Amino acid sequence: MPRPDSAPTSPTFSSAPPAQNPSPPLDPTGRDVLGATDIARCLRRIAHEILEHNKGADDLVVLGIPSRGVELAHRLVALIEEVEGARIPVGAIDVTMYRDDLRSQPTRAPRHTDIPGGGIDGKVVVLVDDVLYSGRSVRAALDALSDLGRPKAVRLAVLVDRGHRELPIRADHVGKNLPTSHAEKVQVRLSGHDGIPDVVRIAGGEPQAVRA
Ligand SMILES: O=P(O)(O)OC[C@H]1O[C@H](OP(=O)(O)OP(=O)(O)O)[C@H](O)[C@@H]1O
Ligand SMILES: O=c1cc[nH]c(=O)[nH]1
């Protein structure tokens, strides 16, 4: 969902076009933990946190991790722009080829990388994703970034941190911390990407009735 005037100018780094996988269905037995209003509120707070930490919008570049991180990145940038009245470079960074589980999941289709015209050298890159779990997607994103340039700093914003990190990675900005069991799955659906109202649902795990 690039903005009309955000077509990247040189340098640009593009891989394959976005894979259009249909969203898997939401688990009808899951429980909704965030709705559209909650998600909007989380994003507004994160936008303010980013500006506060960066002392304004100077040098910011916001990159979403496909797939839903890209929609969230665009939403965050719209909110930051609303506050700052300045255009903020926004794009996407595909992590597929940098994953350490490619051998065990060889069928992952490459997604879309779209680095804004000014590149990332010397910039404060804010990586955006919907869910932070093992941390392996973010690790892959850091590797992908290092092939594209040398940012002054990299920060991480996620809508949901569900815990269970397998790597020493933490988010700087978190919409909602959701303690989960390994057996559960956090399902995020966003109107632009999924064509249904925004929702975060926890699916799977133990049946509600036997939960402590
Ligand atoms: O911290 P991790 O263990 O890496 O898990 C988090 C990642 O998993 C999901 O992406 P997924 O690869 O399932 O693709 P999707 O965004 O298309 O759902 C999610 O969007 C995060 O990117
Ligand atoms: O629960 C999870 C774990 C990883 N990625 C998701 O989108 N949800």
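Order of listing sets the numbers, starting from 1, for every ligand and every atom in it. Here the structure is a predicted model, which is why all the values come from computation and not from measurement.
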Quick check on His164: does its NE2 atom have over 12 non-hydrogen neighbours (other residues, nucleotides or ligands) under 6.0 Å away? yes

Thr29/Arg201 under side chain to side chain donor-acceptor pair (under 3.5 Å): CA gap, chis, key distance, verdict: CA-CA 10 Å; Thr29 66; Arg201 181 172 293 185; over 6 Å; no

Using a 4.0 Å cut-off to any heavy atom of Arg111, which atoms of ligand 1 qualify? 14 (O), 15 (P), 17 (O)

Protein residue, atom and distance nearest to atom 11 (P) of ligand 1, heavy-atom basis: Arg108 NH1, 4.3 Å

Is Glu71 paired with Arg189 through a side-chain N to carboxylate O contact shorter than 4.0 Å? no

Please state which option from Asp130, Leu132, Ile169 has its nearest heavy atom closest to atom 19 (C) of ligand 1. Asp130

Among Arg68, Arg165, Arg136, closest by heavy atom to atom 18 (O) of ligand 1 is Arg68

Nearest to atom 6 (C) of ligand 1, what protein heavy atom do you find, and at what distance? Val131 O, 3.2 Å

Nearest-0.5 Å distance that lies between atom CD1 in Ile93 and atom CG in Leu145: 4.0 Å

Which value, rounded to the nearest 0.5 Å, describes the distance between Ile120 atom CD1 and Leu63 atom CG? 7.0 Å

N/O to N/O below 3.5 Å, does that happen between Ser134 and ligand 1? yes

Taking 4.0 angstrom as the limit and counting only heavy atoms of Pro66, give me the atoms of ligand 1 inside it, by number and element. 16 (O)

Nearest 0.5 Å, what's the CG-CG distance between Leu60 and Leu51? 6.5 Å

Just checking, any donor-acceptor pair under 3.5 angstrom between side chains of Arg162 and Ser134? no

Nearest to atom 17 (O) of ligand 1, what protein heavy atom do you find, and at what distance? Ser67 OG, 2.9 Å

Does the protein place any heavy atom closer than 4.0 Å to atom 13 (O) of ligand 1? no

A side-chain contact here means heavy atoms from C-beta on lying under 4.5 Å apart; do Ile80 and His48 qualify? no

In terms of side-chain geometry, is the basic nitrogen of Asp121 or Lys152 positioned less than 4.0 Å from the acidic oxygen of its partner? no

Just wondering, more than 12 heavy atoms not from Arg45 lying within 6.0 Å of its CZ? yes

Short side-chain donor-acceptor distance under 3.5 Å, Tyr98 and Asp147: yes

Any carboxylate oxygen within less than 4.0 angstrom of a Lys/Arg side-chain nitrogen, looking at Glu82 and Arg44? yes

Provide, to 0.1 Å, the distance between atom 5 (O) of ligand 1 and the closest protein heavy atom, together with that atom's residue and name. Tyr133 CB, 3.6 Å

Closest protein heavy atom to atom 22 (O) of ligand 1, given as residue, atom name and distance to 0.1 Å: Asp129 OD2, 2.5 Å

Specify the protein heavy atom at minimum distance from atom 10 (O) of ligand 1: its residue, its atom name, and the distance to 0.1 Å. Ser137 OG, 4.9 Å

Using a threshold of 4.0 angstrom between heavy atoms of the protein and any atom of ligand 2, which residues qualify? Val131, Tyr133, Arg162, Lys185, Val186

Check ligand 1 against Gly135 and write out every atom of the ligand that is under 4.0 Å from a heavy-atom position of the residue. 1 (O), 2 (P), 3 (O)

